[in-house]
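Structure record follows, encoded as structure tokens.
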Amino acid sequence: MRDLLSSLNPPQREAVLHGDGPLLVLAGAGSGKTRVLTHRIAHLIAERGVPPWGILAITFTNKAAGEMRERIAELVGPAAREIWASTFHSACVRILRRDADAAGFDPRFVIYDGDDQLRLMRACMADEEVDPKRVAPRAVLTRISDAKNRLLDPDGFAAESSSFGDEIILRLYRRYADRLRAAGAMDFDDLLMHTVRLLEGDAEVRERYQRRFSHVLVDEYQDTNHAQYRLVRALAEPQRNVCAVGDDDQGIYSWRGADVRNILDFERDYPDTHVVALEQNYRSTGTILRAANAVVALNRGRRPKELWTDRGDGEPIRIDACRDEHEEARLVVSEVDRALADGTSLSEIAVFYRTNAQSRAIEDQLVRSRVAYAVVGGPRFYERSEVRDLIAYLRVVANPNDEIALGRMLGAPKRGIGPGCIAKLTEFARGHEMAPAEAIAQAEMVSGLTQAQRQALAATASLLAALGQAVAAGLSLDRVIDMTLEGSGLRAALLAEGTMEAQGRLENLEELVNVAAEYQEHSDDPSLAGFLEEIALQSDADLVDQGSGQVTLMTVHNAKGLEFDVVLMTGMEEGVFPHMRSDTPESLEEERRLCYVGMTRARRRLILTHAETRAMHGGRDYKLPSRFLSEIPRDAVARPAGAPVRAAYASSGPSSYRPRGGGSSAPPKAPALLEAGDTVLHATFGEGVVTGVESRGQLVRVRFSNDGTERRLMAGAAPMRKVV
DNA sequence: ATTCAACGCTTTTTT
DNA sequence: AGCGTTGAAT
């Protein structure tokens, strides 16, 4: 243990050795916070006699939890297995299943993910006769999620809400909550909310957990929401041995309820807090740090801090302009080649983007260039519709009350059963007080069904019965899934389609068989329910597999906590990054933090690219360089001589800096002088005709053919160009 | 009543 | 581009 402490710098050691009472570790990017967490836990166990099962360590992903357990095991041996290291959500599931009685739930509850939530909300809106075109189901779910994060049940929401429009939300919230309960399901927010309610409302349960967990440690504390905050409080009392680790500059989840104030106000919430700041960075070059510091320093409402390193400046940051997303993708490939030539391995290269949709152009080019890559996030394996179709059968077997899964199951493959038929079925079930899935076996009793439908339902009923028996008899999961694939007709339907796409989908389903087999071999809960739960709580970040010889593509959000030798941040354009929906000062600051997170992932080389035009939602938009680019100190950036980084909103005229090797692309054009009669193309207004010129050519009047309006625009600044 | 094809509309990030 | 809804055909 002694030489382990000697591997820590003074503030790290201070955090590890801190005795009882609240501890706040402000850990800048790359400052070794995981090291501090693992060593502190190891220290608690080995030196201070804390039993491993008395430690609750909350991490952001399941993968991080597993890695933490492994690293602690290296320090203190197998005792580390007894530590509760998990995500907030996993910990809540564990508590809720264990104490389901006290919480008032069936311990076999299932977990609804985003897609299930949306389907359920649509059904609720149908119940309540709310037009989904007038009120977006997603928006309703966001409001409900907000309420749950603030621990408001429908009644609490009613008490809080004042505005007239909230009445609809309230009605839908009630309906949604009722239907979740009827389905024996919880959504992600329920897991937190119900756990907090249980702990705060039931002294016996609360004190039991408080006695058990003498020490609570929370990673990524800046991304906790109110419910999580209350959960930590409830568990940490009365000893308040709580250690929060985080970085206010890396808070990027406020849109899902995270509240940076949780970390900013930690000292107020726990008055005798000991604060340790880790500002020495062991990851990036000085230049990268200087650039990232400069960008994030423009935010208000942060604790002032500056990362530093003793490792030297390294190479300058590069900012490259590209004509469009295809050229950007080619640039990515050439940079991958260049890095490989430097001796960097593929798995040490990452490509980031703001939104998942941007991966497509890059993937195309990587495929064409035969560069091995892996995409993190986006359409996850378990989110593919064919996989969900198959899983729906399993979910109905596991929980006959799951109407959402039932609806999905009956829709795939197509067998003449549509929404009308399903509605009759569920209504029948409700009328006879049976689980929706049981009604399938009683299809002959349901009125208004066609003969073909009765037959299809009878076949489904016997499949479900067979699957249920197979599960009860302990048949292996992969065999059960294979039975489902066969018996449902999904395999036959996909084979019959005969397209490449159908072939691919079938392969995904076959893969699910393998996944299940694998799961059953390695899990300590090899049941069907356990499998379904693992699927529901798995995050994209859990699937990052660094070190298998592939370039990693992912959103900047998914990059949190990772690091790579070479990082390419693409799509550095106004409207893309910062995203156009980030129009409030607060959300703009969050975008800036996101940019900071992305930049600080890079160890050695950081390349930022932007395109002048980009295909978006059907059309092609002109894009200005991101303001974040102009926030990087000029002397940290390498670019062709004499070409200044233009501030956002300045002329979007011909690019002054071109991608290396891209010199063969179009030569710089002189800025086109517009005159009356010219046709122009504007990024947002579309095509138009110049009707007049003012102020010696600086202002032009343009009549746009889309809507017939005439606008006065700054000739140099408007995202607009002359078309020939 | 279901399914399929065409149309119009909206655009993030995710446990 | 992708989705969901609408309208027409089966």
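Each chain gets a letter, A, B and so on, in the order its sequence line appears, and its residues count up from 1. Note that these values count all heavy atoms, side chains included, but never hydrogens, waters or copies made by symmetry.
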Would you mind telling me which of B/dT13, B/dT14, B/dT15 lies closest to the side-chain atoms of A/Asn558?
B/dT14
The nucleotide from B/dT15, B/dT14, C/dG2 with an atom nearest the side chain of A/Arg360 is C/dG2
A/Asp116 has an atom CG; how far is it from atom P of B/dT15, in whole Å?
15 Å
Applied to residues 188-197 of chain A, the salt bridge (charged side-chain N to carboxylate O under 4.0 Å, His left out) test, sequence neighbours excluded, yields A/Lys148-A/Asp190, A/Asp153-A/Arg197
Per-nt protein contacts along nucleotides 4-10 of chain C (heavy atom under 4.0 Å; B base, S backbone sugar-phosphate only, - none) come out as SSS----
Whole-Å distance between B/dT14 P and A/Asp223 CG?
13 Å
Quick one: salt bridge (charged side-chain N to carboxylate O under 4.0 Å, His left out) partners of A/Glu590, sequence neighbours excluded?
A/Arg593
d(CZ, A/Arg354; C1', B/dT12) in whole Å
5 Å
Comparing A/Leu537 with A/Thr355, nearest DNA chain B nucleotide closer to 5' gives the residue A/Thr355
If you measure from the C1' atom in C/dG4 to the same atom in B/dT13, how many Å do you get, rounded?
23 Å
For A/Thr609, check side-chain hydrogen bond (donor to acceptor under 3.5 Å, both in side chains) against everything at least two apart and list the hits.
A/Glu328
I'd like to check the ring pair (Phe, Tyr, Trp, His ring centres under 6.0 Å) partners of A/Phe628; sequence neighbours left out, ordered by chain and number.
A/Phe577
What is the distance, rounded to the nearest whole Å, between atom CE of A/Met121 and atom C1' of C/dC3?
19 Å
With sequence neighbours left out, write down each residue that passes ring pair (Phe, Tyr, Trp, His ring centres under 6.0 Å) with A/His557, or none if nothing qualifies.
A/Tyr253, A/Trp255
Stacking of A/Trp255 on B/dT13 base (centres under 5.5 Å, planes under 30°):
yes
To the nearest angstrom, the CD1-C1' distance between A/Ile252 and B/dT15 comes to 13 Å
Just so I know, are the side chains of A/Leu180 and A/Met186 near enough to count as touching, which here means a heavy-atom distance under 4.5 Å?
no
Quick one: salt bridge (charged side-chain N to carboxylate O under 4.0 Å, His left out) partners of A/Arg330, sequence neighbours excluded?
none
Residue-phosphate contact under 4.0 Å: A/Asn356 side-chain N/O, B/dT14 OP1/OP2:
yes
The single option from A/Leu532, A/Thr87, A/Leu191 that satisfies side-chain contact (heavy atoms from CB on, under 4.5 Å) with A/Leu537 is A/Leu191
Using the side-chain heavy atoms of A/Lys414, tell me which of these nucleotides is nearest: B/dT13, B/dC4, B/dT15.
B/dC4
For A/Ile144 and B/dT14, give me the distance from atom CD1 to atom P, rounded to whole Å.
21 Å
Enumerate the protein-to-nucleotides 8-11 of chain B contacts in which both atoms are nitrogen or oxygen and the separation is below 3.5 Å.
from   : atom 1 : to       : atom 2 : distance (Å)
B/dT11 : N3     : A/His617 : ND1    : 3.1
B/dT11 : O4     : A/His617 : ND1    : 3.2

Round to a whole Å and report the spacing from CG of A/Asp113 to C1' of B/dT14.
11 Å
Please list all pairs passing the salt bridge (charged side-chain N to carboxylate O under 4.0 Å, His left out) test where one or both residues lie in residues 111-124 of chain A, with sequence neighbours left out.
A/Asp113-A/Arg388, A/Asp115-A/Arg119, A/Asp115-A/Arg388, A/Asp115-A/Arg408, A/Asp116-A/Arg388, A/Asp116-A/Arg395
In short, A/Leu151 meets A/Ala227 closest at the heavy-atom pair CD2-CB, 3.7 Å
Counting only side-chain nitrogens and oxygens, does A/Thr61 get under 4.0 Å of the OP1 or OP2 atom of B/dT15?
no
Whole-Å distance separating the CG atom of A/Leu410 from the P atom of B/dT2
11 Å
